[in-house]
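Note that the structure is a prediction, hence the values are computed from the model and not measured.
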Amino acid sequence: MTAALALSLGEPAGIGPDVVLAAWRAREAAGLPAFFVVGDPACLAARARLLGLSVPIEIVEPGTAASAFREALPVVPAGPRATAEPGRPDGTSARAVVESLDRAVDLVQAGAAAGLVTAPLAKAVVYEAGFRFPGHTEYLAARCTPPGGVAPRPVMMIWSQALAVVPATIHIPLAQVSAAVTADLLVETGRIVARDMVRRFGLPRPRLAFAGLNPHAGEAGTIGREDETVVRPAIERLRAEGIEATGPFPADTLFHAEAREAYDVVIGMYHDQVLIPAKTLAFHDGVNATLGLPLVRTSPDHGTAFAIAGTGRANPSSLMAALRLARRFADADAA
């Protein structure tokens with residue numbers, strides 16, 4: 001039987017447990033692939049009781065998770081108890097969160113799981129447990145670096161049926177973006193995106209559209225020179241390598257329905273430039289997918305949402321989309 005996906009528990013005070021339980025309950029109607037949770041089974045059982053949900057939980061080994069999935073939510077125990085109450089994050093569960101993630105990655109790298117789906121974590125909490133990375137992406141790059149080798153370059157894609165986007169720079173202040181956007185960065189990002197869209201999305205010739213950095217993509221250099229001196233040369237280098245890259249385009253006209261028909265993915269210069277349209281078009285269905293790694297990793301495109309944890313109001317759609325996309329990636333890698 002095909003290996004199931006591993007799902008890290010994430011921050012127990014957030015909506016991670018809520019959407020995991022809801023996703024398992026919708027598994028047949030939503031056509032979800034088999035997955036197992038890595039972490040504290042008691043945390044999930046307690047959340048199910050709080051929400052009034054009948055969810056049988058079965059402690060399993062990774063190899064039996066797929067066969068158990070139809071009748072129960074499979075859980076591979078890892079780490080200490082996750083005791084934080086819904087909506088009240090504290091350091092008591094930091095170790096549980098980190099060890100859940102560590103164990104899930106171990107299982108994927110060992111081939112015991114087909115891919116990794118990560119529930120949201122609270123960075124301030126896991127920092128208390130010695131987690132030294134800005135987020136999942138940087139952590140996974142470190143975990144995928146061979147001893148003495150070069151770290152892979154992870155690329156964040158926000159994907160939905162309506163739109164796929166990649167920010168070339170991510171969590172940096174806007175004042176630093178212009179200096180951070182270099183031709184080499186854009187070329188490397190474009191190569192990784194093109195390669196993974198061929199390999200994992202099955203597109204024989206993916207179409208990459210680049211958004212300009214400045215308003216009107218610089219208006220031929222009259223509103224900033226970066227689009228002419230940095231972005232356009234990067235596009236020309238990619239085209240010389242046979243990658244179908246176009247732009248730079250004014251970002252304000254790049255995301256309407258007719259424009260979206262002309263490309264498969266937009267590579268933008270900074271976080272909000274591309275995430276605002278992505279979340280406007282598919283707030284509940286977007287997936288955070290990490291490209292450029294030797295393993296499969298996706299995540300729901302939302303945070304811990306402490307304000308609604310344990311209330312029954314959390315929407316599991318993004319997690320369900322992340323599970324389906326992870327299975328698609330894993331099957332493509334296997335093929």
Side-chain angles (χ1 to χ4, degrees), residues 5 7 15 19-20 22-35 114-120 137 155-168 170 189-190 192-211 244-247 249 251-268 271-293 296-303 305 314-333 335:
L5 299 167
L7 174 58
I15 63 170
V19 294
V20 169
W24 182 83
R25 283 168 54 84
R27 64 200 180 284
E28 294 185 2
L32 295 185
F35 65 88
L116 173 68
V117 181
T118 57
T137 303
V155 169
M156 182 177 82
M157 170 182 280
I158 304 300
W159 177 91
S160 72
Q161 293 286 356
L163 176 66
V165 300
V166 168
I170 307 177
T189 301
I192 292 168
V193 171
R195 182 196 67 200
D196 275 15
M197 294 199 81
V198 171
R199 179 165 62 107
R200 289 179 165 170
F201 286 94
L203 298 175
R205 190 169 173 80
R207 301 167 298 169
L208 282 55
F210 281 76
E244 190 167 336
T246 55
F249 297 108
D252 62 345
T253 58
L254 194 50
F255 298 102
H256 62 84
E258 291 179 19
R260 297 200 305 273
E261 294 178 359
Y263 57 76
D264 299 304
V265 59
V266 169
I267 298 178
H271 184 279
D272 285 11
Q273 185 184 50
V274 290
L275 265 67
I276 288 173
K279 293 191 177 188
T280 299
L281 290 169
F283 183 76
H284 291 298
D285 300 307
V287 178
N288 183 337
T290 306
L291 309 183
L293 296 179
V296 169
R297 182 263 174 158
T298 66
S299 176
D301 186 28
H302 58 67
N315 188 327
S317 297
S318 186
L319 175 60
M320 294 192 293
L323 288 161
R324 286 190 288 263
L325 188 63
R327 185 75 260 173
R328 177 178 173 183
F329 282 7
D331 291 345
D333 284 0

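No side-chain heavy atom of P167 sits less than 4.5 Å from a side-chain heavy atom of Q273. In this structure, the side chains of M156 and V166 stay at 4.5 Å or more apart for every pair of heavy atoms. Looking only at side-chain heavy atoms (C-beta outward), D301 and V287 stay at 4.5 Å or farther from each other. No side-chain heavy atom of V165 sits under 4.5 Å from any side-chain heavy atom of M157. At least one side-chain heavy atom of R297 sits under 4.5 Å from a side-chain heavy atom of T118. The shortest distance between side-chain heavy atoms of H284 and H302 does not fall below 4.5 Å. Contact check for L116 versus L5: no side-chain heavy atoms found under the 4.5 Å cut-off. At a threshold of 4.5 Å between non-hydrogen side-chain atoms, the residues T290 and V155 do not count as touching.
Residues P300 and L319 come closest through the heavy atom pair CB-N, 3.8 Å. Of all non-hydrogen atoms in A23 and P316, the two that sit nearest each other are N-CB, 4.2 Å. Of all heavy-atom pairs between R327 and A114, the closest is NH2-CB, 3.5 Å. The heavy-atom pair separating A26 from M320 by the smallest distance is CB-SD, 4.0 Å. Closest of all the heavy-atom pairs between L208 and G190 is CD2-O, 3.5 Å. Residues V19 and N315 approach most closely at CG1-O, 3.7 Å, considering heavy atoms.
A donor-acceptor pair under 3.5 Å links the side-chain atoms of T298 to the main chain of A322, judged by distance alone. Between the side chain of D196 and the main chain of G292, a donor-acceptor pair closer than 3.5 Å is present. Panel note: side chain R199, backbone A194; no donor-acceptor pair is recorded below 3.5 Å. In terms of modelled atom types and a separation under 3.5 Å, the side chain of S317 and the main chain of D285 share no donor-acceptor contact.
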Under 3.5 Å, which donor-acceptor pairs link side chains of residues 257-268 to any protein atom two or more places apart or in another chain?
| unit_1 | atom_1 | unit_2 | atom_2 | d |
| --- | --- | --- | --- | --- |
| R260 | NE | A162 | O | 3.3 |
| R260 | NH1 | F255 | O | 2.7 |
| Y263 | OH | L254 | O | 2.7 |
| D264 | OD1 | R207 | NH2 | 3.1 |
| D264 | OD2 | R207 | N | 2.8 |
| D264 | OD2 | R207 | NE | 3.2 |

Worksheet entry | CA sep, side-chain torsions, deciding dist, call: R205, V198, side-chain contact (heavy atoms from CB on, under 4.5 Å) | CA-CA 7 Å; R205 190 169 173 80; V198 171; over 6 Å; no

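A perpendicular orientation is assigned to the rings of F329 and F201, their planes being inclined by more than 60° (bins at 30° and 60°).
If you take CZ on F210 and OG1 on T246, they are separated by 8.5 Å, rounding to the nearest 0.5 Å. Rounding to the nearest 0.5 Å places CD1 of I192 at 14.0 Å from CE of M197.
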